[in-house]
Amino acid sequence: MEERVRNTIISEPSLFIRLFRGFSRFLRRIFASTTTKTDSTKNFLTGVPVLLDQDNDQILQRKRHLAEIVSMGHQAYPNRFDRTHTISRIIEQYHSYAGKKDEADLQRSNVELKVAEGGQVRVAGRIMTRRLMGKAAFAHLSDGLNQLQIYLRKNDVGESGWELYQKLDLGDWIGVTGFLFITKTGELSLHVTGIQFLAKALLPMPDKYHGVHDKELRYRQRYVDLIASSAAQELLPGELTTREVFEKRAQVIREIRRFFDDRGYVEVETPMLSPLATGAAARPFVTHHYALDIDLYARIAPELYLKRLIAGGFEKVYEINRNFRNEGLSYKHNPEFTMLEWYQAYSDYIELMDLTEELIKMLVDKVSGTRQVPYLDQTIDFNNWQRLTMRDAVLKYWPEETTRPTLEGLMDRKRLEEAAAAIDLSCDPKLNDGQMLGEIFERIVEPHLINPTFITEFPTELSPLSKQKHEDPRFVERFELFIANMEIANAFSELNDPVEQRRRFEEQMRLRERGDEEAMIMDEDYIRALSYGMPPTGGEGIGIDRLVMILTNQRSIRDVILFPHMRPESK
RNA sequence: GGGCCGUUAGCUCAGUAGGUAGAGCAUCUGGCUUUUAACCAGAGGGUCGCAGGUUCGAGCCCUGCACGGCUCACCA
């Protein structure tokens, strides 16, 4: 206290005091360095120890409260609570009563509400806010998606109920009984007559207004993010809470299933662990099966298994599940990601383009509710779809008139090298022509592809599983769909000629020998399947995470994956 | 892997030229029976990411490390 007063008077300590402080700090350092630091117990399986033993005043207070609640005769962690409604259901059913109104209106509403549901509403949730006023109190209960205000008076809940309420902390779970009413300020609320303790929050809640901003905390402890973002008051208009993002993600997957089920596709599951990592170009995760004593790979794509099913007579199949690629992380790459893949007999890539447009428009309508979807600082127009060949796209977006290559030049080695030089793109000389065109495309075109754009006519070298165009075998019948500068879908008329397929695999193996680690691996059993005959088939994959990013306006793939991969916590 | 930025109370954030670390929420004590980022009066709470260094003295300057973010590269 005295220190504080002095502080306001003496703006700068005297030289003597400064010297003394410096010396005492020096002494402390000496002593500190002689005591060996106890190594905190590291547990690499569970990360850092939970902080429950820390002497944080708030944690101690909460433990004390729990003990007191138990000593009052309540169960610490009761087994169930029977609700008449979820909070969201109450809001949905009765929100129309809310809003500021005059005395007479308010009375009329409250007379009606008092007897609604027989005057006995039972809801449960987490305490998000608390406002105590002597012998009455308000609080908000959350079911994770919505909040309902509750109102308690000592008279109504009795001595024991009131005493219990005093021992509750933000974050605790309770169940309450009561009747609905509208407050003076117009908020739909529950007038509590009975209260039951359901579970304790021993750790303090994040800031009730700002929520959690620390990205690391949000990704590592998603549960905290979910709690905090459902309560945060500072969301921008249209911005979704974390919970809402994942509700929408679930909706996307639900609607995709409905879309394909309704059209007669069969949902199948193919191996996630397989002896060969093939069907895409990527580095796999390896694991080991002890009983069989073989290495297994987490799949990088389900593609070849799904086409085996077409060869086996399924006409339409789809699968939604995880793929694993042992590569770098970025805002659009997570080591495991969710892929939709489907295959349909008697079909080709043109038909798939139409179907894709139909599917994605349906999802946009259901999830976004508008075809003008805001994404970051731009707007994606889902009424404006383009189809461009890869070469036409390069020519279209070529930055400079004088160096623009010709259509045929984009298939000529020398011209390709000139073109790459003109845009300052240094290409590995080991690349083949098709790979070079691909690199140029990425550099020149991708940054422009905001609205949905199908890029067609891929070089054959880039597409070992696609069927060539009859009129020009240098290219295959393939497209990729780009939205918001991201590859969202990849599809082609499936190569079903086993002899040609073997030749393509062999070409890939040669690339591999030349050091291209991502070249595709030969799959003999797949060739055998094709040798029994596969009908003409169209197949496609859609990256669900990226699609959800766009539909929920999220900047990073980590914002649409509940538990994204992070370096383990340490220390 | 390169570059830039960040790491301060449970949470959100300030922090002066290097001179005893601050605010709001949360917590504690008291008051308040329709409040709502409740309010009023008071109080407690920090190894300033970690480890070194420079200095009489470091949250601040230097070096290294850890974790994270953005970005480029690699990579579909």
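These values consider heavy atoms only, across backbone and side chains, with no hydrogens, waters or symmetry-generated copies. In what follows, chains carry the letters A, B, and so on, assigned in the order in which the sequence lines appear, proteins first and then strands, with residues in each chain numbered from 1.
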Pick base, sugar-phosphate or nothing for [X], based on heavy-atom distances below 4.0 Å to the nucleic acid.
{"X": "A/Tyr219", "value": "sugar-phosphate"}
{"X": "A/His191", "value": "nothing"}
{"X": "A/Gln58", "value": "base"}
{"X": "A/Lys135", "value": "base"}
{"X": "A/Arg443", "value": "nothing"}
{"X": "A/Leu170", "value": "sugar-phosphate"}
{"X": "A/Arg130", "value": "nothing"}
{"X": "A/Arg558", "value": "sugar-phosphate"}
{"X": "A/Gln61", "value": "sugar-phosphate"}
{"X": "A/Arg567", "value": "sugar-phosphate"}
{"X": "A/Arg62", "value": "nothing"}

salt_bridge([X], [Y]) N-O dist < 4.0 Å:
{"X": "A/Arg443", "Y": "A/Asp424", "answer": "no"}
{"X": "A/Glu112", "Y": "A/Lys114", "answer": "no"}
{"X": "A/Glu336", "Y": "A/Arg322", "answer": "yes"}
{"X": "A/Glu477", "Y": "A/Lys467", "answer": "no"}
{"X": "A/Glu159", "Y": "A/Lys135", "answer": "no"}

Q.
Under 4.0 Å from OP1 or OP2 of B/A38: is there any side-chain N or O of A/Arg131 that close?
A.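 Yes, such a contact exists.
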Q.
On the nucleotide B/C11, are OP1 or OP2 found under 4.0 Å from the side-chain N or O atoms that A/Lys208 carries?
A. no
Please report the distance separating the [atom1] of [N] from the corresponding atom of [M], rounded so that it comes out in whole Å.
{"N": "B/C13", "M": "B/U8", "atom1": "C1'", "value": "10 Å"}
{"N": "B/G3", "M": "B/A73", "atom1": "C1'", "value": "11 Å"}
{"N": "B/C60", "M": "B/G52", "atom1": "P", "value": "14 Å"}
{"N": "B/A23", "M": "B/C62", "atom1": "C1'", "value": "31 Å"}
{"N": "B/A21", "M": "B/C39", "atom1": "C1'", "value": "29 Å"}
{"N": "B/A9", "M": "B/G49", "atom1": "C1'", "value": "15 Å"}
{"N": "B/A14", "M": "B/C74", "atom1": "C1'", "value": "40 Å"}
{"N": "B/G10", "M": "B/A26", "atom1": "P", "value": "16 Å"}

Q | For A/His191, all residues meeting side chain to side chain contact (heavy atoms under 4.5 Å, CB included), sequence neighbours excluded | A | A/Tyr151, A/Arg153, A/Asp156, A/Phe179, A/Phe181
Q. How about A/Phe454 and A/Tyr349: are their ring centroids closer than 6.0 Å?
A.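 No, too far apart.
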Any strand is fair game: report the nucleotide pairing with [N] by Watson-Crick or G-U wobble, both distances under 3.5 Å, or none.
{"N": "B/G1", "answer": "B/C72"}
{"N": "B/G24", "answer": "B/C11"}
{"N": "B/G18", "answer": "none"}
{"N": "B/G64", "answer": "B/C50"}

Once you round it to whole Å, what is the distance between [atom2] of [N] and [atom1] of [X]?
{"X": "A/Arg220", "N": "B/U7", "atom1": "CZ", "atom2": "C1'", "value": "13 Å"}
{"X": "A/Leu132", "N": "B/A37", "atom1": "CG", "atom2": "C1'", "value": "17 Å"}
{"X": "A/His333", "N": "B/A73", "atom1": "NE2", "atom2": "C1'", "value": "13 Å"}
{"X": "A/Asp156", "N": "B/U33", "atom1": "CG", "atom2": "P", "value": "14 Å"}

I'd like to know if [X] reaches the base of [N] with its side chain such that a donor and an acceptor end up less than 3.5 angstrom apart.
{"X": "A/Asp57", "N": "B/G44", "result": "yes"}
{"X": "A/Gln149", "N": "B/U35", "result": "yes"}
{"X": "A/Asp207", "N": "B/G10", "result": "no"}

Q.
Working to the nearest 0.5 angstrom, can you tell me the gap between A/Ile544 CD1 and A/Ile557 CD1?
A. 11.0 Å
(Q) Contact list please: residues 210-218 of chain A against RNA chain B, heavy atoms, distance less than 4.0 Å, in numerical order. (A) A/His210, A/Gly211, A/Val212, A/His213, A/Asp214, A/Glu216
Q. Relative to the 5' end of RNA chain B, which residue comes earlier, A/Arg283 or A/Arg555, by the nucleotide with the nearest heavy atom?
A. A/Arg555
Q. If you take all heavy atoms of A/Lys101 and A/Gly99, which pair is closest and at what distance?
A.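 Nearest heavy atoms, A/Lys101 then A/Gly99: CE-O, 3.3 Å.
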Q | A/Tyr375 six-ring face occupied by A/Arg555 cation (under 6.0 Å, within 45°) | A |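 Cation-pi check for A/Arg555 and A/Tyr375: fails.
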Q | Minimum-distance nucleotide (side-chain atoms of A/Pro206 versus B/U33, B/C67, B/C11) | A |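 So the side chain of A/Pro206 is nearest to B/C11.
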